[in-house]
Amino acid sequence: MTDTPDILEDSRLDKLKALTALGVDPWGMRFDNHLPIAQARDLPIQVENPAPVRIAGRIVLRRGMGNVHFLNLRDWTGQIQVMAGKKQVGEQGWGIAKNLDLGDLLGVDGHFGKTKTGELTVFANKLTFLGKSLLPHPDKWEGMQDMEFRLRHRYLDLTYTPDTLRRARERIHIVRSMRRFLDDQGFWEVETPTLHSIAGGAAARPFITHHNALDIDLYLRIALELHLKRLLVGGIEKVYEIGRVFRNEGISPRHNPEFTMMELYQAYSDYQGMMDLTEGLILNAIEALGGDKIRPYGGHTIDFTPPWRRASYADLFREHTGADLGDPAAVAAAADSANIITKGKHPDVLIQELFELKVERQLMGPIFVYDYPASLCPLTKRKQGNPALAERFELFINGMELANAYTELNDPVTQEETFRAQLSGLKEEDSMAKMDDDFVRALKHGMPPAGGLGIGIDRLVMLLTNTPTIRDVILFPLLRPEGRPEPVG
RNA sequence: GGCCUGGUAGCUCAGCUGGUAGAGCAACGGACUUUUAAUCCGUAGGUCCUGGGUUCGAAUCCCAGCCAGGUCACCA
């Protein structure tokens with residue numbers, strides 16, 4: 001796939017040599033004060049005294065007409081046509097023009113105007129060669145269609161698939177907006193370790209690595225939670241981290257083994273407070289993308305106009321299945337009619353399966369689902385006055401879980417019991433939580449009551465940028481390496 | 001991990017029920033100082049993903065493997 005017949009590369013090498021013979025450095029050098037192409041396009045058009053302009057970019061189209069060449073130059077803001085005439089660019093400039101290939105990097109000095117046909121154009125009077133491209137570039141019209149090719153050549157994809165650069169830019173805007181929003185509210189952004197001796201805070205299989213000097217195995221973190229809560233104990237009352245977590249699990253359009261989480265914790269708040277914060281965070285991100293609250297996703301549209309619906313787990317369950325949570329017979333009947341195997345399953349498990357199948361997937365949202373059955377979330381504080389419920393919500397949009405929040409458990413005795421209960425009878429890697437003595441000790445020193453929130457950044461970016469696969473909101477998603485040796489035998 | 005689909009020139013793709021490889025763009029040579037995927041004439045370019053098998057003959061049919069996409073399972 002990366003092999004190229006010599007003939008294609010050779011012609012480019014020949015041109016490189018020709019450039020060198022002209023005294024041109026084929027790898028270019030510093031080129032100051034060039035205007036972003038999008039800004040160049042906004043310059044006033046003056047026939048009398050056309051504005052001088054300097055731009056730089058990659059050649060994506062070329063039309064040679066004997067003694068004049070038309071080039072289309074693209075940078076990270078836009079694209080514009082360049083006209084390079086033999087008489088106008090001088091002897092060396094013309095030598096450069098004749099040896100250009102698609103994909104080369106070029107600086108242009110000239111003046112800004114329009115051609116006869118009305119096309120915005122930089123009329124060059126000087127060409128500065130800035131970098132040779134030795135490999136052929138994608139089809140100038142079809143671009144890159146093959147997903148694998150795009151992912152393995154993301155650097156090309158960014159130039160030749162407009163959506164790829166747009167998504168990268170919008171992702172930056174979203175994350176930046178979240179930081180601003182939280183910073184403005186007085187949160188501290190912190191960095192906690194990615195190498196953990198105990199991979200806790202979530203139910204997921206970790207990656208294992210090894211530290212040589214200490215001669216210990218370490219895990220790549222699967223969540224940010226336990227260190228951020230330690231900081232709550234330490235008195236950092238509003239704290240967040242936006243960071244990479246790693247889960248050694250399957251790959252799908254919604255899962256990459258490493259992905260980005262935003263987790264925040266706020267002392268003396270609770271899950272209701274987190275709901276308001278979540279709505280604010282996401283609406284703020286939408287503002288950063290232009291503010292359109294009616295947004296397309298896939299084949300339909302999502303209306304982010306606040307306030308977003310808030311409904312209890314029990315009410316939604318009843319609404320979508322017709323069964324009452326407290327009525328095991330009705331739950332079993334509903335499960336039967338949904339073709340769920342009921343035999344030998346605990347009622348709570350049945351409820352959750354039914355909820356995922358009949359409720360979650362129908363939730364176009366945005367909608368906050370709150371007050372989960374306590375049995376489903378042992379690490380959450382029980383609801384005041386109703387110990388069967390947990391103070392937790394999840395935000396669903398387009399059937400996808402976008403955010404997850406709790407009133408955090410700060411009782412070390414209950415926490416320790418929960419850790420032990422989780423450990424017994426389960427393989428450790430499948431356990432919801434691993435016994436973390438240091439964390440329990442931290443709680444014993446007193447953690448304030450608090451609300452905690454986690455948002456999957458990649459999925460949020462998918463939704464807000466109308467991207468169907470996580471692979472296109474992560475610049476370099478995990479792929480099997482190319483060219484592995486054939487297995488023996 | 002299961003199932004389904006795909007892999008042919010640098011890129012985008014055709015290639016029928018098996019008969020020995022094609023197009024457009026890119027490249028190379030030529031013409032052209034206002035083109036818009038420029039146009040016109042000419043040239044060159046291929047382990048048809050890999051390895052087996054069936055057959056007189058395989059890009060095509062069969063088996064195994066590799067890689068990707070989709071989907072289910074697990075999860076966020």
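Atoms considered below: every heavy atom in the structure, side chains included; atoms not considered: hydrogens, waters and symmetry mates. Per chain, numbering begins at 1; letters A, B, ... match sequence-line order.
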Colleague: Which part of the nucleic acid, if any, lies within contact of A:K140, taking any heavy atom under 4.0 Å across all strands shown: a base, the sugar-phosphate backbone alone, or nothing?
Modeller: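 Sugar-phosphate: the residue A:K140, judged by heavy atoms under 4.0 Å, touches backbone atoms but no base.
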Colleague: Taking the side chain as C-beta and beyond, is there a heavy-atom pair between A:L73 and A:Q79 under 4.5 Å?
Modeller: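 They are not in side-chain contact.
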Colleague: Considering only the C1' atoms, how many Å lie between B:C49 and B:A59, rounded to the nearest integer?
Modeller: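 Per the computed distance, 12 Å lies between those C1' atoms.
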Colleague: Looking across every strand, which nucleic acid part, if any, lies under 4.0 Å from A:M147 by heavy atom: base, sugar-phosphate, or nothing?
Modeller: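 A:M147: backbone/sugar contact only, no base atoms under 4.0 Å.
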Colleague: Measure from the ring center of A:F207 to the ring center of A:Y219 and say whether it is less than 6.0 Å.
Modeller: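 No; A:Y219 has its ring centre 6.0 Å or more from that of A:F207.
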Colleague: Work out how far the C1' atom of B:U55 is from that of B:U17, and round it to whole angstrom.
Modeller: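 The same atom, C1', in both gives a distance of 16 Å.
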Colleague: Could you give the CD-to-P distance, from A:Q145 to B:U12, as a whole number of Å?
Modeller: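 Whole-Å distance recorded here is 7 Å.
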Colleague: I'd like the C1' distance from B:U34 over to B:U39, given in whole Å.
Modeller: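 Roughly 14 Å separates the two C1' atoms.
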Colleague: Do A:I286 and A:L289 have side chains that approach each other closer than 4.5 Å (heavy atoms only, starting at C-beta)?
Modeller: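 No, every pair of side-chain atoms sits at 4.5 Å or beyond.
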Colleague: Taking CD1 from A:I470 and P from B:A68, how many angstroms apart are they, rounded to a whole number?
Modeller: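 Computing the A:I470:CD1 to B:A68:P distance gives 16 Å.
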Colleague: Compare the ring of A:F70 with the six-membered ring in the base of B:A38 and state whether they stack (centres under 5.5 Å, planes under 30°).
Modeller: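 The base of B:A38 is not stacked with A:F70 (the test needs centres under 5.5 Å and planes under 30°).
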Colleague: Does A:L264 reach the side chain of A:L228, with side-chain heavy atoms less than 4.5 Å apart?
Modeller: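 Contact flag for A:L264/A:L228 side chains = no.
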Colleague: Give one of base, sugar-phosphate or nothing for A:L61, where a contact means two heavy atoms less than 4.0 Å apart.
Modeller: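 Contact class for A:L61: sugar-phosphate only.
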Colleague: If we call it a pair only when both distances are under 3.5 Å in a Watson-Crick or G-U wobble match, what pairs with B:G6?
Modeller: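 Its partner is B:C67.
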Colleague: Who does B:U34 pair with, Watson-Crick or G-U, both distances under 3.5 Å?
Modeller: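 Base partner found: none.
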Colleague: Give me the distance, rounded to whole Å, that separates B:U43 from B:U35 when you measure between the P atoms they each carry.
Modeller: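 To the nearest whole Å, 29 Å.
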Colleague: Counting heavy atoms from C-beta on, name the nucleotide in B:U35, B:U33, B:C11 closest to the side chain of A:M83.
Modeller: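 Nearest listed nucleotide: B:U33.
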Colleague: With rounding to the nearest 0.5 Å, note down the distance linking CE in A:M83 to OG1 in A:T115.
Modeller: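 Answer for the CE-OG1 pair, A:M83 versus A:T115, is 9.0 Å.
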Colleague: Under a 3.5 Å cut-off for both contacts, is B:A27 paired Watson-Crick or G-U wobble with anything, and if yes, with which nucleotide?
Modeller: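 Because both required distances fall under 3.5 Å, B:A27 counts as paired with B:U43.
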Colleague: Find the distance A:K98:NZ to B:C28:C1' and express it as a whole number of Å.
Modeller: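 Whole-Å distance recorded here is 16 Å.
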Colleague: Would you mind classifying the nucleic acid contact of A:R150 as base, sugar-phosphate or nothing, using non-hydrogen atoms under 4.0 angstrom?
Modeller: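 The answer is nothing, as A:R150 stays clear of every strand by at least 4.0 Å.
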Colleague: For A:N256, which contact category applies under a 4.0 Å heavy-atom criterion: base, sugar-phosphate, or nothing?
Modeller: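 Base: the residue A:N256, judged by heavy atoms under 4.0 Å, touches a nucleobase.
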Colleague: If you only use heavy atoms from C-beta on, which nucleotide in B:G70, B:A68, B:U35 is closest to the side chain of A:P253?
Modeller: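 That would be B:G70.
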Colleague: I'd like to know whether the aromatic ring centres of A:Y406 and A:Y271 sit less than 6.0 Å apart in this structure.
Modeller: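 Between A:Y406 and A:Y271, the centre distance exceeds or equals 6.0 Å.
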Colleague: Within the modelled atom types, does a donor on one side and an acceptor on the other bring the side chain of A:Q81 and the base of B:U35 under 3.5 Å apart?
Modeller: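 Flag set: donor-acceptor pair detected.
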Colleague: For A:R254 and B:C72, give me the distance from atom CZ to atom C1', rounded to whole Å.
Modeller: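 For the pair A:R254 CZ and B:C72 C1', the rounded distance is 13 Å.
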Colleague: Find which nucleotide of RNA chain B each of A:G85 and A:L100 is nearest to by heavy atoms, and output the residue with the more 5' nucleotide.
Modeller: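 Closer to the 5' end of RNA chain B: A:L100.
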Colleague: Looking across every strand, which nucleic acid part, if any, lies under 4.0 Å from A:G64 by heavy atom: base, sugar-phosphate, or nothing?
Modeller: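 Base contact.
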Colleague: Return the value, rounded to whole Å, for the distance between atom CG of A:L134 and atom P of B:A27.
Modeller: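 The distance from CG of A:L134 to P of B:A27 comes to 14 Å, rounded to the nearest Å.
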Colleague: If you measure from the C1' atom in B:C48 to the same atom in B:U8, how many Å do you get, rounded?
Modeller: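 Those two atoms are separated by 4 Å.
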Colleague: Only one of A:R254, A:R244, A:R167, A:R171 clears salt bridge (charged side-chain N to carboxylate O under 4.0 Å, His left out) with A:D458; which?
Modeller: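 Of the listed options, the one satisfying the test is A:R171.
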Colleague: Give, for atom CD1 of A:I474 and atom CZ of A:R154, the distance between the pair rounded to the nearest 0.5 Å.
Modeller: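 Spacing of CD1 (A:I474) from CZ (A:R154) equals 9.0 Å.
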Colleague: What integer number of Å spans the C1' atoms of B:G45 and B:G2?
Modeller: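 Each nucleotide's C1' atom is 42 Å from the other's.
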Colleague: Determine the interatomic distance between C1' on B:G7 and the same-named atom on B:A44; round to the nearest Å.
Modeller: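 So the two C1' atoms sit 26 Å from each other.
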Colleague: Considering only side-chain heavy atoms of A:T121, which listed nucleotide, B:U12, B:U35, B:A73, is closest?
Modeller: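 Between B:U12, B:U35, B:A73, the one nearest the side chain of A:T121 would be B:U35.
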Colleague: Between B:G57 and B:C41, how far is it from one C1' atom to the other, in whole Å?
Modeller: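 After rounding to an integer number of Å, I get 39 Å for this pair.
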Colleague: Which listed nucleotide (B:G69, B:U33, B:A76) is nearest to the side chain of A:R471?
Modeller: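 The answer is B:G69.
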Colleague: Once hydrogens and angles are ignored, does a donor-acceptor distance under 3.5 Å link the base of B:G24 to the side chain of A:D139?
Modeller: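 Such a pair is found, so the answer is yes.
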Colleague: Please give, in whole Å, the distance from B:U35 P to A:I80 CD1?
Modeller: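 Atom CD1 in A:I80 sits about 17 Å away from atom P in B:U35.
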Colleague: Measure from the side chain of A:N67, starting at C-beta and using heavy atoms only, and say which of B:G10, B:U35, B:U33 lies closest.
Modeller: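 Minimum distance to the A:N67 side chain belongs to B:U33.
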Colleague: Which is true for A:Y160 with a 4.0 Å heavy-atom rule: it touches a base, it touches only sugar-phosphate, or it touches nothing?
Modeller: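 The residue A:Y160 makes no contact with any strand.
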Colleague: Find which nucleotide of RNA chain B each of A:G143 and A:K15 is nearest to by heavy atoms, and output the residue with the more 5' nucleotide.
Modeller: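 The residue whose closest nucleotide sits nearer the 5' end is A:G143.
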